[in-house]
Structure formats: structure tokens, C-alpha cells
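To keep things clear, I will list the structure first and then write my remarks on it.
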Amino acid sequence: MSSLWKFLLLMVLFSFNFVLCQTITNKQKMDDAFEEMNNNLSLRFYDALNGKPISGAVVTVGEIGEFNTDFEGVALFPAQNLEDGELKIIFTHPKYITSEFKIEIMAGSIFFNRFSVSPKLPFGSIRIVLDWDKRPADLDAHLVKQNDYHISFRNKIISADGIAKLDRDDMDGYGPETITVDKVSENSEYYYFVHDYSNQSASSSKSLSNSKACVKIYGNGQLLYVYQIPEDQSGTKWEVFKIINGQVVFINQLNN
């Protein structure tokens with residue numbers, strides 16, 4: 001097969017997958033809107049490694065009660081008499097790390113209702129998970145080990161020391177985009193940031209800041225940290241955190 005035919009075939013496959021993802025996403029939004037009309041709110045849960053829905057999980061929503069996820073990874077709970085503010089939710093499943101999140105209720109709707117959860121990890125490993133909204137389509141996670149390697153979509157298979165990799169690269173919105181480190185060296189410095197690839201040439205863009213991006217760090221059998229991006233700021237690069245001498249240091253700055 002000639003190079004031209006290979007290129008055309010790849011373009012057709014990419015277009016098909018893009019349309020399929022858009023169709024699924026639009027259906028999910030319609031389903032969520034329909035449930036809101038019926039005084040129910042939807043929470044969606046996905047596997048951080050493959051992006052597939054997680055069924056059979058138990059989701060505890062504040063003091064409201066416990067609810068189960070269906071085959072689409074959706075847990076529904078009643079929206080009656082909910083006041084604006086934050087609600088604590090707890091996700092549990094035998095194959096996944098128990099995770100506690102906060103959701104924001106605004107005018108009877110959920111500000112952001114999609115969560116990617118890590119499968120259980122060996123002790124000493126960490127997993128960094130990036131979720132965001134439909135736009136920008138392509139956010140890229142980067143992990144740099146000082147004087148050693150740079151994990152990203154350009155070099156995602158495995159690190160120079162053989163223990164870090166980009167598990168999933170997402171290019172059509174929502175995520176997850178996931179990096180796993182099998183062992184963190186306490187004598188090394190790590191740097192994690194998110195780049196808005198979709199708007200990389202627009203330094204004044206606020207798309208990244210308004211993407212509802214969220215970074216979660218899993219390790220030692222638990223969800224260690226949850227970081228939300230600052231809103232309504234310009235910049236195409238979100239410097240999220242560093243790991244220095246085994247300790248996580250939150251940066252939380254947007255720049256170019």
C-alpha cells in the first residue's frame with residue numbers, strides 16, 4: 001500500500017472515530033438534560049486507564065444515600081430540595097481505588113459530573129489523571145523528571161528508567177489523560193504540567209482556564225490530591241505541581 005493510501009486510510013479512520021465520539025458525547029448530554037427534567041442528577045465514572053465506563057460501583061452522595069452505576073457508568077440521584085453549594089461524593093468498587101470528590105451544585109445542575117477513577121495500584125506507584133470538559137479538544141499532560149526524561153504524547157510509551165509511561169492520550173475532549181509512575185525516586189525532582197495543544201498559538205486564550213480541568217494524584221492505595229484549574233485566566237500552560245524529595249508541592253499557575 002502506498003504512503004498516500006495509508007494517509008487517506010488514517011484520515012478516514014480518524015474522522016469516523018471523531019464523529020462516533022461526538023455522537024456518544026451528544027447523547028450523554030441529552031441523557032443528563034433529560035434526567036434533570038425528571039428531577040434526577042447524573043454522575044459519570046470512567047476507568048482512568050482506558051476511558052471506559054465503570055459499572056457496578058457504589059456512589060455515596062452526601063447525606064442523600066447510596067446509588068449504583070449502570071453499564072454506562074452513570075449513577076443517578078434525586079435533585080429535589082438541593083441547595084447551591086458543594087456535595088461530597090464517595091466512589092467505591094472492588095477493582096478501583098476508593099475516591100472522594102466534591103461536586104458543585106448550581107441552580108439545580110452539577111458544574112462538572114465526569115470523574116475518571118484509577119484501578120488499584122501497587123504500593124509505591126502513583127497515577128496522575130487529567131479530566132476536563134468538551135473543549136478544548138486536546139489537552140496534553142506532561143511529566144518531566146529533572147535531568148532524565150519527559151513523558152508526553154511525543155514520548156509516551158515508557159521512560160528512560162523504565163518505570164513511567166503515558167497510559168492514555170486523549171484528543172477529543174473530556175479525557176482522561178493518564179500517566180503512571182511505578183516508583184518515585186525520593187532523590188529526584190518531578191514536574192507536571194498541562195498544555196493546551198488546541199490553542200497553542202493563542203497566548204491570550206482563556207480556553208484552558210475555562211476547561212474545568214481537574215488533576216488527581218493516586219498513590220498508596222488512595223486518592224491523595226485533587227487539583228482544580230484556576231478560572232478565567234489567560235494562558236496555554238497550567239503548571240500544576242512538582243514532586244521534590246518525595247513531597248508534592250502545588251504550583252497552580254497559568255502561563256505560556
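All residue numbers refer to positions in the sequence shown, counting from 1. Note that the structure is a prediction, hence the values are computed from the model and not measured.
Between V144 and F193 the shortest side-chain heavy-atom distance falls below 4.5 Å. Taking 4.5 Å as the limit, some side-chain heavy atom of R44 sits within range of a side-chain heavy atom of V74. In this structure, V248 and L224 have side chains that are not in contact, with every pair of non-hydrogen atoms separated by 4.5 Å or more. By the 4.5 Å heavy-atom criterion applied to side chains, I243 and I126 are counted as neighbours. A 4.5 Å side-chain heavy-atom check between I64 and L87 finds at least one atom pair inside the cut-off. Residues R135 and S198 form no side-chain contact, since every pair of their non-hydrogen atoms from C-beta on lies 4.5 Å or further apart. At a threshold of 4.5 Å between non-hydrogen side-chain atoms, the residues N113 and L41 do not count as touching. Using a 4.5 Å heavy-atom cutoff, the side chains of Y190 and Q146 are not in contact.
Counting only residues at least two apart or on different chains, the side chain to side chain donor-acceptor pair (under 3.5 Å) pairs with a member in residues 217-231 are S99-Y218. Screening residues 60-90 for ring pair (Phe, Tyr, Trp, His ring centres under 6.0 Å), with sequence neighbours left out, gives no hits.
Between the CG atom of D169 and the CZ atom of R154 there is a distance of 11.0 Å, given to the nearest 0.5 Å.
Other members of the cluster containing V249 are I244, with ILVMFWY side chains joined at under 4.5 Å, either directly or via other members.
N199 places no side-chain N or O within 3.5 Å of a backbone atom of A202 that could act as its donor or acceptor partner. At least one donor-acceptor pair under 3.5 Å links the side chain of E177 to the backbone N or O of A141.
Paired with Y191 under the rule side-chain hydrogen bond (donor to acceptor under 3.5 Å, both in side chains), one option of H142, E239, K145 passes, and it is E239.
Pairing each heavy atom of E66 with each of T60, the nearest pair is CG-OG1, 3.6 Å.
A donor atom on one side chain and an acceptor atom on the other are found under 3.5 Å apart for T180 and D167.
Checked against salt bridge (charged side-chain N to carboxylate O under 4.0 Å, His left out), E189 has the following partners two or more places apart in sequence or in another chain: K242. Evaluation of the salt bridge (charged side-chain N to carboxylate O under 4.0 Å, His left out) rule for R168 yields D170 as partners, not counting sequence neighbours. Y192 pairs by the ring pair (Phe, Tyr, Trp, His ring centres under 6.0 Å) definition with F241, not counting sequence neighbours. With sequence neighbours excluded, the residues satisfying side-chain contact (heavy atoms from CB on, under 4.5 Å) with T69 are F45, A57, V59, A75. Every residue two or more places apart in sequence or in another chain that forms a side chain to side chain donor-acceptor pair (under 3.5 Å) with S188 is listed here: S185. Take N252 and apply the side chain to side chain donor-acceptor pair (under 3.5 Å) test, not counting sequence neighbours, and it matches W238. Applying the ring pair (Phe, Tyr, Trp, His ring centres under 6.0 Å) rule to F101 yields the partners F115; only residues at least two apart in sequence or on another chain are considered.
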Please table the atom pairs, donor to acceptor, closer than 3.5 Å between any side-chain atom in residues 88-96 and protein atoms at least two apart or in another chain.
residue, atom, partner, partner atom, Å
T92, OG1, V58, O, 3.3
H93, ND1, K95, N, 3.1
H93, NE2, S55, O, 3.2
Y96, OH, D47, OD2, 2.7

Exercise answer: donor-acceptor pairs, residues 209-217 side-chain atoms, under 3.5 Å, sequence neighbours excluded:
residue, atom, partner, partner atom, Å
S209, OG, P230, O, 2.5
S209, OG, D232, N, 2.7
S209, OG, Q233, N, 2.8
N210, OD1, D232, N, 3.1
N210, ND2, K206, O, 3.3
S211, OG, L208, O, 2.6
S211, OG, A213, N, 3.3
K212, NZ, F111, O, 2.9
K212, NZ, D133, OD2, 3.4
K216, NZ, S116, O, 3.4
K216, NZ, D131, OD2, 2.7

